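For reference, the structure discussed in these notes is given below.
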Amino acid sequence: MSFTQDPVIADDGSVSFRCSTDRAAWPWLALAPTHPIAVLNMQYWISVGAAKARGTMDDAKWTALTWTDWNCGPTGAGAPVRGTASTDNNGKRDQYVLSLFDRADVPVLTMRGEGVVFRSRDFESWRAGSKKEIAPLPDFSGFEFADRHAAGCQNTGPALIGSLLDEDQTGANGPCADGLISTDNAMPPAHPYMSGSGDHVNATHLAEAAHQFVHLLEGGTLLRITGGEMRFNRYVELGRPFRIESTHHAAGQASMTISQAGRQCSEITLKYTHA
């Protein structure tokens, strides 16, 4: 089953396709297409579908997303029914560009991304050694997650982060929160709309952690995400605590970093309006 249906490849290599509407196969379709969980899921599965359509998919090679950004269409845009996937050279490296449209041809999403391919490295052995660098705490049973309403996930799934911490006590430069993403709150059956590789915290998990953090910054007011940008520097390990810290918060935009074991792993910016 592919999220991209009936692909057509143009002479320039771009792929046009229909979007699956099968919620049994893609549960996150129940979410608004602007929700970060839906955005990151669509980005991944469209990229996979386009690569398969072009014949460039190599299941023997591991890939990693290093940067992505996206912009959402107008408030009245409906669910995506068709899209295009192309490649753009920005002068440094190739970016994939994904565009989605609703039944009235209103733009729903435009997404871009860059990644790397592990061509010859023994990825699994390398990851095993990397994981040993961060020792897990002996017991997470006492971790206190934020109230789901305050984190804006009451109709979505479990909280992934705790309540905001006092920056005077933490020594942080801005508001922050501790987080814990594991198979118990970010994978089926615990979470109805997210899954992942099971090897590490995936981009969708981090996008939802950021989404919840912004809701905490905004006092629990429901938000509509209008765009975002994510940069990935290190893997975040499953089942180990991390810290999310605000670096800039102004009307309609919040930037933050995610660190684990004292090392910065990701930089995230979300743009939003009040729902």
Side-chain angles (χ1 to χ4, degrees), residues 3 26-48 62-70 111 113 115 127 130-131 134 136-137 140 143 145-146 148 151-163 176-217 223 225 228-246 254-261 263-270 272:
F3 179 71
W26 317 105
W28 38 265
L29 285 174
L31 301 173
T34 57
H35 194 291
I37 292 176
V39 170
L40 270 295
N41 269 298
M42 284 189 282
Q43 185 180 94
Y44 175 77
W45 290 112
I46 292 171
S47 299
V48 169
W62 290 79
T63 61
L65 183 66
T66 56
W67 171 86
T68 182
D69 76 355
W70 69 94
M111 302 171 276
R127 287 289 294 128
S130 178
K131 292 176 187 178
I134 304 177
L137 295 177
F140 295 128
F143 191 96
F145 290 97
R148 290 175 61 193
C153 59
Q154 63 269 33
N155 299 316
T156 307
L160 307 179
I161 63 175
S163 300
C176 62
D178 288 331
L180 180 63
I181 295 176
S182 70
T183 55
D184 292 331
N185 63 359
M187 300 281 187
H191 203 292
Y193 302 121
M194 288 201 298
S195 58
S197 63
D199 174 80
H200 57 276
V201 173
N202 294 107
T204 307
H205 301 140
L206 295 179
E208 174 57 5
H211 185 232
Q212 294 180 13
F213 186 64
V214 172
H215 276 83
L216 294 181
L217 292 178
L223 307 172
I225 302 302
E229 181 177 8
M230 304 177 70
R231 189 171 300 278
F232 308 96
N233 307 313
R234 284 181 170 273
Y235 285 105
V236 177
E237 304 298 344
L238 276 168
R240 296 171 173 88
F242 61 88
R243 175 156 291 181
I244 184 166
E245 180 178 342
S246 173
S255 297
M256 64 214 78
T257 59
I258 291 181
S259 301
Q260 189 175 66
R263 294 181 289 191
Q264 185 173 299
C265 301
S266 184
E267 304 163 58
I268 305 173
T269 294
L270 293 181
Y272 54 88

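Note that this is a predicted model, so its numbers are computed, not measured.
- Closest heavy-atom contact between Pro33 and Val39: O-CG2, 3.4 Å.
- With hydrogens and angles ignored, the 3.5 Å screen pairs a side-chain donor or acceptor of Gln260 with a backbone N or O of Arg240.
- With sequence neighbours left out, Arg148 forms a salt bridge (charged side-chain N to carboxylate O under 4.0 Å, His left out) with no residue at all.
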Criterion side-chain contact (heavy atoms from CB on, under 4.5 Å) on Met187 and His205, from CA distance to verdict: CA-CA 9 Å; Met187 300 281 187; His205 301 140; 3.8 Å; yes
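- Taking CG from Leu160 and CZ from Phe213, the interatomic distance works out to 13.5 Å, rounded to the nearest 0.5 Å.
- Side-chain contact between Val214 and Met256: present, with at least one pair of heavy atoms (C-beta onward) separated by less than 4.5 Å.
- Between Ile268 atom CD1 and Glu229 atom CD the span is 10.5 Å, to the nearest 0.5 Å.
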Apply side-chain contact (heavy atoms from CB on, under 4.5 Å) to Cys153 and Glu208, showing your working. CA-CA 9 Å; Cys153 59; Glu208 174 57 5; 3.9 Å; yes
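- Counting only heavy atoms from C-beta outward, the side chains of Pro241 and Asp178 never approach each other to under 4.5 Å.
- Looking at heavy atoms from C-beta onward, His191 lies in side-chain contact with Thr156 at the 4.5 angstrom threshold.
- Put simply, the side chain of Leu216 reaches to within 4.5 Å of the side chain of Ile161, judged on heavy atoms.
- Contact record, Ala146 with Ala151: CB-CB, 4.5 Å, taken as the closest heavy-atom pair.
- Put simply, the side chain of Val236 reaches to within 4.5 Å of the side chain of Ile258, judged on heavy atoms.
- Remark: Phe145 engages Phe143 in a ring pair (Phe, Tyr, Trp, His ring centres under 6.0 Å) (not counting sequence neighbours).
- Atom SG of residue Cys265 and atom CD1 of residue Ile244 lie 11.5 Å apart, to the nearest 0.5 angstrom.
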For Ile181 and Met194: C-alpha separation, side-chain torsions, deciding distance, then whether side-chain contact (heavy atoms from CB on, under 4.5 Å) applies. CA-CA 11 Å; Ile181 295 176; Met194 288 201 298; over 6 Å; no
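- A donor-acceptor distance shorter than 3.5 angstrom exists from the side chain of Ser266 to the backbone of Arg231, with no hydrogens or angles considered.
- Using a 4.5 Å cut-off on side-chain heavy atoms (C-beta onward), Met230 and Trp70 make contact.
- Between Trp28 and Trp26, the ring planes lie tilted relative to each other; the angle falls in the 30° to 60° range.
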Evaluate the side-chain contact (heavy atoms from CB on, under 4.5 Å) criterion for residues Tyr44 and Leu65: first the C-alpha distance (whole Å), next the side-chain angles of each, then the deciding distance (0.1 Å), finally the verdict. CA-CA 9 Å; Tyr44 175 77; Leu65 183 66; over 6 Å; no
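- Rounded to the nearest 0.5 Å, atoms CZ (Arg234) and CZ (Arg263) are 4.0 Å apart.
- Residues Ser259 and Glu245 are not in side-chain contact: their nearest non-hydrogen atoms beyond the backbone lie 4.5 Å or more apart.
- Within the model, atoms OG1 of Thr204 and CE of Met42 stand 10.5 Å from one another, a figure rounded to the nearest 0.5 Å.
- Put simply, the side chain of Phe232 reaches to within 4.5 Å of the side chain of Leu206, judged on heavy atoms.
- Among all heavy-atom pairs drawn from Pro192 and Gly157, the shortest one is CD-CA, 4.2 Å.
- Side chain of Asn41 to main chain of Ala38: no donor-acceptor pair is present (N/O by atom type, distance under 3.5 Å, no hydrogens or angles).
- For the atom pair Asn202 CG and Tyr235 OH, the distance stands at 9.0 Å (nearest 0.5 Å).
- Scanning for ring pair (Phe, Tyr, Trp, His ring centres under 6.0 Å) contacts around His211 gives His35, His215, with sequence neighbours left out.
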